[in-house]
Novice: 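Sharing a structure here in structure tokens format.
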Amino acid sequence: WPDMSELDDDEKYATAFKYSDGKRASVFSSLNRKTVVRHFKWMKDYGIDGVFLQRFSCEVYGAVKFYHLNVVLENCRAGANIHGRTYAVMYDLSWDRPGQIERTINDWKILVDNFKITKDPNDKAYLHHKGKPVVGLWGVGFKNRPYTLDECEKLVDFFKNDPKYGGCTVLLGVPTYWRTLDRDCLADKKLHEIIDKADIVSPWMIGRFRKLGDIDNIAKNNWRPDVQWCKEKGKDYLPVAWPGFSWANLMNDPSRFNQIPRLKGRFVWKQYVEICKAGSTMIYQAMFDEVDEATAIFKCTDNPPVGKSKFLTMEGLPSDHYLWLTGQGKKMLNGEIEITEEMPSRR
């Protein structure tokens, strides 16, 4: 449950949940610019570079959802510019149906034409990599997706080569086993052809391992050979780190409560260590504010509401523990502190 203690009254939205003292619990809204700007201040405070703003392609055509997406985008743009952070659009293709790829293309045209995304000289915050604006396409190559690799290739070609709307650095969110084309990945070499046209490879890892001992195997079988493959192909590699996982409330399944424990930060710290050892130069930290899958790293309370729905606590840790730990992980990645499996201590 998000820590609401720093937020002002005009940032709090009442819920039906109550704390143990009987007081009604409130939540924030990313439609409130004041709160989003505050979130970017937290990123600055703890040394986090910025965010990929997920924009579900299946939502860009409904008026209400389209409005919501655009307000949040503008709020992120404001927060990033105010606090010297960065942001980039990441299209999540989940739930797209065959033939709907054009919606993503049309949406990007609207963002460029109407919101001047990547074209506004006053917007210093939009993420660039090797001199080009970055666009993420998440969900390329996964099994059991109704849209096709041909459609994904069309998207990459558009963002790379369109004379008016292209010229982008393209990040692909791909399956864990993208390199070997098995398990969670389509067994189709077409995926490698698409990756060859893109710039950054970011394999999804959430839920793919469950305990500390599994991370050594992931490092050996995935991160290290992935990094080497990308070096040989001239691609950049963006591995995903995550603090833990729980799906109990989202899936209405109590057996999934604290499904993958955080271990007070040891779980994600071990990932940082092995990613650094593997030779990666960047990390995608999942997620800043994803409370409904329990991957959030922003400030959460150690005293959540009580009742039928059970919420994870911070295990007695300060509400900002994972923001701070993420900042330490960045220092290790950048060589500012040594690579060590011993978690840093706060002074």
Side-chain angles (χ1 to χ4, degrees), residues 1-4 13-20 24-31 51-59 62 64-65 68-69 72 90-97 100 138-147 173-177 183-186 202-212 214-215 218 240-265 267-268 271 284-315 319 322:
W1 194 271
D3 179 5
M4 301 292 293
Y13 301 88
T15 73
F17 297 96
K18 293 183 178 180
Y19 295 112
S20 57
R24 189 172 298 278
S26 61
V27 293
F28 72 94
S29 171
S30 293
L31 283 173
V51 298
F52 284 99
L53 176 62
Q54 289 187 310
R55 191 173 176 93
F56 280 82
S57 299
C58 64
E59 296 181 342
V64 174
K65 291 181 179 179
H68 176 272
L69 291 173
V72 175
M90 174 179 280
Y91 284 104
D92 190 328
L93 306 180
S94 302
W95 316 116
D96 271 15
R97 311 303 300 176
Q100 293 182 344
W138 195 93
V140 178
F142 287 82
K143 283 183 176 179
N144 303 319
R145 298 294 176 100
Y147 51 87
V174 297
T176 304
Y177 297 92
R183 300 178 70 165
D184 63 343
C185 184
L186 289 171
S202 185
W204 193 241
M205 285 287 168
I206 294 180
R208 299 304 194 264
F209 47 91
R210 296 175 177 270
K211 53 186 183 295
L212 284 176
D214 296 338
I215 299 173
I218 285 290
V240 175
W242 46 292
F245 186 79
S246 180
W247 248 6
N249 292 331
L250 182 63
M251 304 302 290
N252 194 27
D253 182 355
S255 69
R256 298 191 179 192
F257 184 77
N258 203 20
Q259 194 170 354
I260 304 175
R262 294 187 173 210
L263 306 176
K264 295 191 173 183
F267 186 71
V268 72
Q271 294 172 59
Y284 180 114
Q285 175 62 57
M287 295 286 199
F288 184 77
D289 59 357
E290 181 78 274
V291 292
D292 56 0
E293 293 184 353
T295 59
I297 63 162
F298 73 166
K299 298 181 184 183
C300 291
T301 181
D302 206 33
N303 297 291
V306 298
K308 183 179 179 180
S309 296
K310 188 177 180 181
F311 295 94
L312 289 168
T313 69
M314 289 292 290
E315 302 180 278
S319 67
Y322 289 94

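Bear in mind the structure is a predicted one, so any value in this text is a computation, not a measurement.
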Novice: Using the six-membered ring wherever Trp is involved, compare the ring planes of Phe52 and Tyr284 and label them parallel, tilted or perpendicular (cut-offs 30° and 60°).
Specialist: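 Correct class here is parallel.
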Novice: With a 4.5 Å cut-off on side-chain heavy atoms, are Ser26 and Tyr13 touching?
Specialist: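 Tyr13 does not reach Ser26 side chain to side chain.
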Novice: Test Arg183 against Thr176 for side-chain contact (heavy atoms from CB on, under 4.5 Å), laying out the working first.
Specialist: CA-CA 8 Å; Arg183 300 178 70 165; Thr176 304; over 6 Å; no
Novice: With a 4.5 Å cut-off on side-chain heavy atoms, are Thr313 and Pro304 touching?
Specialist: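 Yes, at least one pair of side-chain atoms sits under 4.5 Å.
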Novice: Would you mind reporting whether Gln285 and Val268 have side-chain heavy atoms less than 4.5 Å apart?
Specialist: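 The answer is yes, as the side chains (C-beta and beyond) meet within the 4.5 Å cut-off.
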Novice: Please name the pair of heavy atoms, one in Ser319 and one in Cys300, separated by the smallest distance, quoted to 0.1 Å.
Specialist: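 For Ser319 versus Cys300, the nearest heavy atoms are CB-O, 3.0 Å.
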Novice: A side-chain contact here means heavy atoms from C-beta on lying under 4.5 Å apart; do Val291 and Pro2 qualify?
Specialist: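 The answer is yes; the side chains approach within 4.5 Å.
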Novice: In Å and rounded to the nearest 0.5 Å, what is the CZ to CZ distance from Phe311 to Phe257?
Specialist: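 Between atom CZ of Phe311 and atom CZ of Phe257 there are 9.5 Å.
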Novice: Over all heavy atoms of both residues, which pair between Arg24 and Lys18 is shortest? Give the atoms and the distance, please.
Specialist: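 That closest heavy-atom pairing would be NH2-CE, 4.0 Å.
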Novice: Parallel, tilted or perpendicular for Phe267 and Phe209, by the 30°/60° rule?
Specialist: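 Geometry flag for Phe209 against Phe267: tilted rings.
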Novice: Is the distance between the ring centroids of Tyr322 and Trp242 less than 6.0 Å?
Specialist: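 Centroid separation for Tyr322 and Trp242: 6.0 Å or greater.
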Novice: Less than 4.5 Å apart, side chain to side chain, heavy atoms only: is that true for Arg208 and Asp184?
Specialist: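 In contact.
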Novice: Which heavy atom of Phe142 sits nearest to which heavy atom of Leu186, and what is that distance?
Specialist: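 The pair with the smallest heavy-atom distance is O-CG, 3.6 Å.
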Novice: Within the 4.5 Å heavy-atom criterion, are Phe298 and Asp3 side-chain neighbours or not?
Specialist: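 In short, these two side chains do not touch, never coming nearer than 4.5 Å.
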Novice: About how many Å separate CD of Gln54 and CG of Asp92, when rounded to the nearest 0.5 Å?
Specialist: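 If we round to the nearest 0.5 Å, Asp92:CG and Gln54:CD are 5.5 Å apart.
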Novice: Check Val240 against Ala286 and note the closest heavy-atom contact, atom names and distance.
Specialist: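 Scanning both residues completely, I find the closest heavy atoms to be CG1-CB, 3.9 Å.
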Novice: Report yes or no: do Asn303 and Thr301 form a side-chain donor-acceptor pair below 3.5 Å?
Specialist: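 Per modelled atom types, Asn303 and Thr301 side chains form no pair under 3.5 Å.
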Novice: Quick check for you: to the nearest 0.5 Å, what is the distance between Arg97 atom CZ and Cys58 atom SG?
Specialist: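 One finds 10.5 Å between CZ of Arg97 and SG of Cys58.
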Novice: How far does OG of Ser30 sit from CG of Leu69, to the nearest 0.5 angstrom?
Specialist: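 The distance works out to 11.0 Å.
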Novice: Take Thr295 and Phe245 through the side-chain contact (heavy atoms from CB on, under 4.5 Å) test and state the conclusion after the steps.
Specialist: CA-CA 6 Å; Thr295 59; Phe245 186 79; 4.2 Å; yes
Novice: Considering all heavy atoms of both residues, which atom of Asp289 and which atom of Ala296 are nearest to each other, and what is their separation?
Specialist: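 Scanning both residues completely, I find the closest heavy atoms to be C-CB, 3.9 Å.
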Novice: Ring centroid separation for Trp1 and Phe17, is it under 6.0 angstrom?
Specialist: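 Yes, the ring of Trp1 comes within the 6.0 Å limit of the ring of Phe17, centre to centre.
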Novice: Under 3.5 Å, is there a donor-acceptor pair between the side chain of Ser246 and the main chain of Arg256?
Specialist: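 Yes; at least one donor-acceptor contact below 3.5 Å.
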Novice: What verdict does the side-chain contact (heavy atoms from CB on, under 4.5 Å) test give for Asn258 and Leu312, after you've listed the backbone C-alpha separation in whole Å, the side-chain angles of each residue and the deciding distance to 0.1 Å?
Specialist: CA-CA 7 Å; Asn258 203 20; Leu312 289 168; 3.6 Å; yes
Novice: State the CZ-CH2 distance between Arg145 and Trp95, to the nearest 0.5 angstrom.
Specialist: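 Here the rounded value is 7.5 Å.
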Novice: Working note: Glu59 + His68, criterion side-chain contact (heavy atoms from CB on, under 4.5 Å); need CA distance, chi angles, decisive distance, verdict.
Specialist: CA-CA 10 Å; Glu59 296 181 342; His68 176 272; 5.8 Å; no
Novice: As an exercise, state the distance from CE of Met251 to CD of Glu293, rounded to the nearest 0.5 Å.
Specialist: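 So the CE of Met251 and the CD of Glu293 are separated by 9.0 Å.
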